[in-house]
Amino acid sequence: MSDPASDRDADPTVEAVFDAVAETAPEIRAALPGRRVESGTDNPSGESVLAGDLYADELLGEAITAVDGVGSFVSEEREAAVDAGGAVGEGAYAVAIDPLDGSSNLRSNNAMGTVVGIYDAPLPATGRDLVAAGYVLYGPITTMVVADDAGVREEVVEADPDGDGGSDDGHAVSRSVVEDDLRLPDDPLVYGFGGRVPDWPDAFTAFAREIEDELKLRYGGAMVGDVNQVLTYGGIFAYPALVDAPDGKLRLSFEANPIAYIVERAGGAATDGEIDILDVEPEGVHDRVPLYVGNEELVERLKTALD
């Protein structure tokens with residue numbers, strides 16, 4: 001495997017976690033065609049789980065808990081944390097995973113991804129306890145965006161036919177940095193808003209009507225894909241509080257915190273409509289939260305509109 005962190009003062013445990021995530025990516029992608037069916041189970045949030053969700057969760061759980069320095073593994077698909085043998089916050093990290101974000105897109109063959117948050121505190125914790133975050137995007141190309149104290153980078157993840165430096169099970173990969181200082185463009189172009197329009201609160205609906213006159217709609221039903229559009233072209237993504245779901249849909253620990261961390265490191269902003277997402281105090285590991293992320297000016301406009 002190439003070493004995208006070779007020129008960075010990188011935390012070896014953090015890089016080992018992203019190595020593990022990258023190593024699973026080709027295998028997860030290759031297994032998806034045969035796992036587009038319901039598994040017959042629900043996750044802790046009460047959502048129906050596809051076979052692909054469970055497969056990705058199993059592979060990632062095995063890979064990440066094997067990393068030295070990981071103390072616990074927490075997944076959107078699991079009720080409780082998996083103890084990996086270290087004391088979180090005392091030299092070991094907690095890793096939170098959404099194994100297959102946007103898995104409802106599996107049937108229609110649209111974009112999906114994996115979201116990763118690495119916390120220096122036992123979960124539930126605030127986003128201020130993140131030391132790094134990232135996501136894999138299974139688009140036409142498999143890419144991985146990684147954010148840490150040094151900034152945000154984008155990599156292409158590919159199966160390595162030469163097997164150079166790969167994993168013991170033969171699923172060697174290469175990680176090639178294609179952008180080493182990813183920043184939101186100053187001139188935003190796109191927006192994507194989730195939830196049913198009739199369920200949007202009036203204030204958010206009014207804001208959306210303004211934005212649709214200014215930006216181009218890009219919404220694909222997978223948060224990682226929609227956020228990646230915002231990182232690439234500038235703009236705003238939201239899964240708002242809804243009339244019948246005031247806490248929104250997205251999970252704070254697995255989705256909102258990692259995405260907010262990435263967007264803020266890339267020069268953007270993130271809020272739940274009132275405060276910075278990274279300051280939201282969770283009560284449980286599966287807590288939900290509204291999420292609004294993107295260029296700072298647009299996020300501030302949204303906050304004003306929701307007041």
Side-chain angles (χ1 to χ4, degrees), residues 1-8 10 14-33 52 56 59-60 63-64 95 97-103 105-106 109-118 132-148 150-161 164-167 171-185 189-190 192 218-235 237 254-255 258-268 293-294:
M1 178 184 295
S2 62
D3 184 8
S6 59
D7 296 327
R8 301 160 66 100
V14 168
E15 283 306 309
V17 169
F18 286 115
D19 281 344
V21 172
E23 289 285 358
T24 68
E27 190 168 357
I28 290 173
R29 182 162 196 152
L32 292 177
L59 283 183
L60 287 160
I64 291 171
V95 179
I97 292 281
D98 180 353
L100 203 57
D101 178 76
S103 59
N105 278 352
L106 185 53
N109 191 31
N110 288 316
M112 295 164 292
T114 296
V115 186
V116 185
I118 304 176
Y135 60 81
V136 175
L137 177 62
Y138 303 108
I141 303 165
T142 302
T143 57
M144 184 163 69
V145 170
V146 177
D148 56 22
V152 184
R153 67 182 186 268
E154 182 184 25
E155 307 170 9
V156 170
V157 178
E158 299 178 283
D160 184 357
D164 294 335
S167 61
H171 296 284
V173 303
S174 64
R175 294 169 57 189
S176 303
V177 176
V178 293
E179 177 57 68
D180 62 4
D181 186 22
L182 188 61
R183 306 284 295 177
L184 270 78
L189 293 178
V190 301
R218 292 291 186 271
Y219 185 76
M223 179 191 60
V224 288
D226 299 326
V227 169
N228 201 67
Q229 293 265 15
V230 170
L231 282 174
T232 302
Y233 299 114
F237 167 81
F254 309 109
E255 297 165 314
I259 291 300
Y261 182 96
I262 294 165
V263 170
E264 291 191 11
R265 289 294 187 274
V293 297

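A distance-only check finds no donor-acceptor pair linking the side chain of Glu155 to the backbone of Val157 [under 3.5 Å]. Under the 3.5 Å distance criterion, the side-chain polar atoms of Thr232 are matched with a main-chain donor or acceptor of Asn228. The closest donor-acceptor contact from the side chain of Asp101 to the backbone of Gly113 lies at 3.5 Å or more, if one exists at all. The backbone N or O of Thr24 sits nowhere less than 3.5 Å from a side-chain atom of Arg29 that would complete a donor-acceptor pair.
The distance from atom CD of Glu154 to atom OG of Ser176, rounded to the nearest 0.5 Å, is 11.5 Å. Once rounded to the nearest 0.5 Å, the distance linking OG1 of Thr143 with OH of Tyr138 reads 10.0 Å. Interatomic distance, CG of Leu32 versus CD of Glu27, reported as 11.0 Å (0.5 Å rounding).
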Legend entry - Candidate pair Leu137 and Val145, rule side chain to side chain contact (heavy atoms under 4.5 Å, CB included), full reasoning: CA-CA 8 Å; Leu137 177 62; Val145 170; over 6 Å; no
Legend entry - side chain to side chain contact (heavy atoms under 4.5 Å, CB included) evaluation trace for Leu189 with Gln229: CA-CA 9 Å; Leu189 293 178; Gln229 293 265 15; over 6 Å; no
Legend entry - Glu15 and Arg153: CA distance, side-chain angles, deciding distance, salt bridge (charged side-chain N to carboxylate O under 4.0 Å, His left out) verdict: CA-CA 13 Å; Glu15 283 306 309; Arg153 67 182 186 268; 3.1 Å; yes
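Residues Leu184 and Gly294 approach most closely at CD2-C, 3.5 Å, considering heavy atoms. In plain terms, the two heavy atoms of Val136 and Ala25 that are nearest each other are CG1-CB, 4.3 Å. The shortest heavy-atom contact between Leu231 and Pro185 is O-CD, 3.6 Å. Heavy atoms only, all atoms of each residue included: Thr114 and Pro99 are closest at OG1-O, 2.7 Å. Closest heavy-atom contact between Arg218 and Asp226: O-OD1, 3.9 Å. Closest of all the heavy-atom pairs between Val224 and Met112 is CG2-C, 3.8 Å.
Residues Leu59 and Ile28 are in side-chain contact: their nearest non-hydrogen atoms beyond the backbone lie under 4.5 Å apart. Side-chain contact between Val156 and Thr142: absent, with no pair of heavy atoms (C-beta onward) separated by less than 4.5 Å.
Residues Asp98 and Tyr135 have side chains that never bring a donor and an acceptor to within less than 3.5 angstrom of each other.
Counted within 6.0 Å of OH on Tyr233, heavy atoms from surrounding residues, nucleotides or ligands total 12 or fewer; the atom is thus considered open.
Considering Val116, Leu60, Val14, Val21 as possible partners of Val95, the one that fulfils the side-chain contact (heavy atoms from CB on, under 4.5 Å) test is Val116.
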